Colleague: 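Following this message is one structure expressed as structure tokens.
Here is the naming used below: chain letters follow the sequence lines, and residue numbers restart at 1 for every chain. For clarity, every value in this text was computed on a predicted model and none was experimentally measured.
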There are 2 protein chains.
Amino acid sequence: MNQFEQLKERLSEVGLKATQQRMVIFHSIMTSKNHPSAENIFEQVKSSNPSLSLATIYSTLETLVDKGLVKKVLVKDGVMRYDAHIGTHNHIYCTNTSEIIDFEDEELNQMIKKFLASKNIENLNIKDISLHIEGEKIDKRKSVKIN
Amino acid sequence: MNQFEQLKERLSEVGLKATQQRMVIFHSIMTSKNHPSAENIFEQVKSSNPSLSLATIYSTLETLVDKGLVKKVLVKDGVMRYDAHIGTHNHIYCTNTSEIIDFEDEELNQMIKKFLASKNIENLNIKDISLHIEGEKIDKRKSVKIN
DNA sequence: TCTTAATTAGGAATCATTCTTATTTAAAAA
DNA sequence: TTTTTAAATAAGAATGATTCCTAATTAAGA
């Protein structure tokens, strides 16, 4: 099954029509390196899909988030960003470059999960846990590396 | 030193004129229970300060954030919210009530900090770390309790 | 008290996002 | 394969939070 078929299947699985637009948008988020905004996706996609409208991007994003195929990523500058990486993971926010860097660490996830389980949080059905690390890139030309 | 004087001092310390508006707005955030938005603050403050404008609230918030007296709090619904609690702490987001609940736990903070220190994150000057717990309140009439 | 640079009020402008509606389309049914 | 139809889309208008602009006001130092 090729990539195209896989996308189609993932949409069908959640009960969505596999439209051209959805596939293009979903694919764009999946392959984007830096947690794109609606506008970013639009820019990335419009040359090969000139008739695809920004309104469609917004409504598709909402649909994909509703169906759990995509997550919203919060940022302090007022523009929503999106992430096709659904599993529990953490983010590093570079305040001086607007980059959002994935920070995956299963050990950390487990540690936090375990800690919270020991805390007994009453009257809350937890859906997602994520650690936000905010900081400034020291050298903007280099990337942030985690060892 | 009374509360009024304290506010005045905190503003002066960071090099800000202690204007009536700033004191009123800062005080409103400090005493607000639920991480207010600009609009919330405006509503809360306007009956006793009828000439205070929404534009002033926004510019004051920006100033207070710049000076580190207030933090922005991220939410997925597109309205920025503010927190006068500056120290490292975590938030619980109730998706069904829009509440943001402080979750303070020094043990958790230390545990995360220690873990990250062991990870050696290169080329990043970390400014803030916070854990976001997202979930649904089970009984909307009751509060979320952490034991 | 005077001076002045900083701050504010209030309305206009902006910009991200959502809404509306006529048109198009995926996919189920025939 | 063709038809049917509910769902999805395009495009532009509308909304709503936030920012901008500028004249008037004010805190605080001289």
Colleague: Residues in side-chain contact (heavy atoms from CB on, under 4.5 Å) with S12(B), at least two apart?
Modeller: none
Colleague: Taking only distance into account, with no hydrogens and no angle test, what donor-acceptor pairs under 3.5 Å do side-chain atoms of residues 13-20 of chain A form with protein atoms, sequence neighbours excluded?
Modeller:
{"from": "T19(A)", "atom 1": "OG1", "to": "R22(A)", "atom 2": "N", "distance (Å)": "3.2"}

Colleague: Between E39(A) and S37(A), do the side chains contain an N or O donor and an N or O acceptor separated by less than 3.5 Å?
Modeller: no
Colleague: Along nucleotides 18-30 of chain D, 5' to 3', which nucleotides get a B, which get an S, and which get a -, given that the test is a protein heavy-atom distance under 4.0 Å?
Modeller: BBB-----BBS--
Colleague: How close or far is atom P of dA8(D) from atom CZ of F26(A), stated in whole angstroms?
Modeller: 16 Å
Colleague: Output all residues satisfying side-chain contact (heavy atoms from CB on, under 4.5 Å) with H91(B), sequence neighbours left out; order by chain, then residue number.
Modeller: H35(B), V73(B), D83(B), H89(B), Y93(B), I100(B), D102(B)
Colleague: Check side-chain contact (heavy atoms from CB on, under 4.5 Å) between S28(A) and all other residues, then give those that pass, not counting sequence neighbours.
Modeller: I41(A), Q44(A), V45(A)
Colleague: Work out how much the helix from dT1(C)-dA30(D) to dA30(C)-dT1(D) bends between its end axes, five pairs an end, to the nearest 10 degrees.
Modeller: 40°
Colleague: If the condition is side-chain contact (heavy atoms from CB on, under 4.5 Å), which residues does N123(B) pass it with, not counting sequence neighbours?
Modeller: K137(A), I138(A), D139(A), K142(A)
Colleague: If you take any heavy atom closer than 4.0 Å to DNA chain C, which residues from residues 46-53 of chain B end up in contact?
Modeller: S51(B), L52(B), S53(B)
Colleague: Please collect all salt bridge (Lys or Arg N to Asp or Glu O under 4.0 Å) contacts where either partner lies in residues 43-67 of chain A, sequence neighbours excluded, each pair once.
Modeller: E43(A)-K46(A)
Colleague: So which atom in C94(B) and which in I101(B) form the shortest heavy-atom distance, rounded to 0.1 Å?
Modeller: SG-CD1, 3.9 Å
Colleague: Once ring-ring contact (aromatic ring centres under 6.0 Å, His included) is applied, do any residues pair with F26(B), and if so which ones, sequence neighbours excluded?
Modeller: none
Colleague: Less than 3.5 Å apart, any donor N or O on the side chain of T56(A) or S59(A) sitting next to an acceptor on the other?
Modeller: no
Colleague: Using atom CD1 of I25(A) as one end and atom C1' of dA10(D) as the other, report the distance to the nearest whole Å.
Modeller: 12 Å
Colleague: Show me the pairs that pass salt bridge (Lys or Arg N to Asp or Glu O under 4.0 Å) and involve residues 109-123 of chain B, at least two apart or across chains.
Modeller: D105(A)-K119(B)
Colleague: Are any side-chain N or O atoms of N2(B) and backbone N or O atoms of E5(B), one a donor and one an acceptor, separated by less than 3.5 Å?
Modeller: yes
Colleague: What I'd like to find out is whether the side chain of I126(A) reaches to under 4.5 Å of the side chain of L124(A), using heavy atoms alone.
Modeller: yes
Colleague: When you list every nucleotide of DNA chain C with an atom under 4.0 Å from a heavy atom of chain B, which one comes first 5' to 3', and which comes last?
Modeller: dA5(C) to dG11(C)
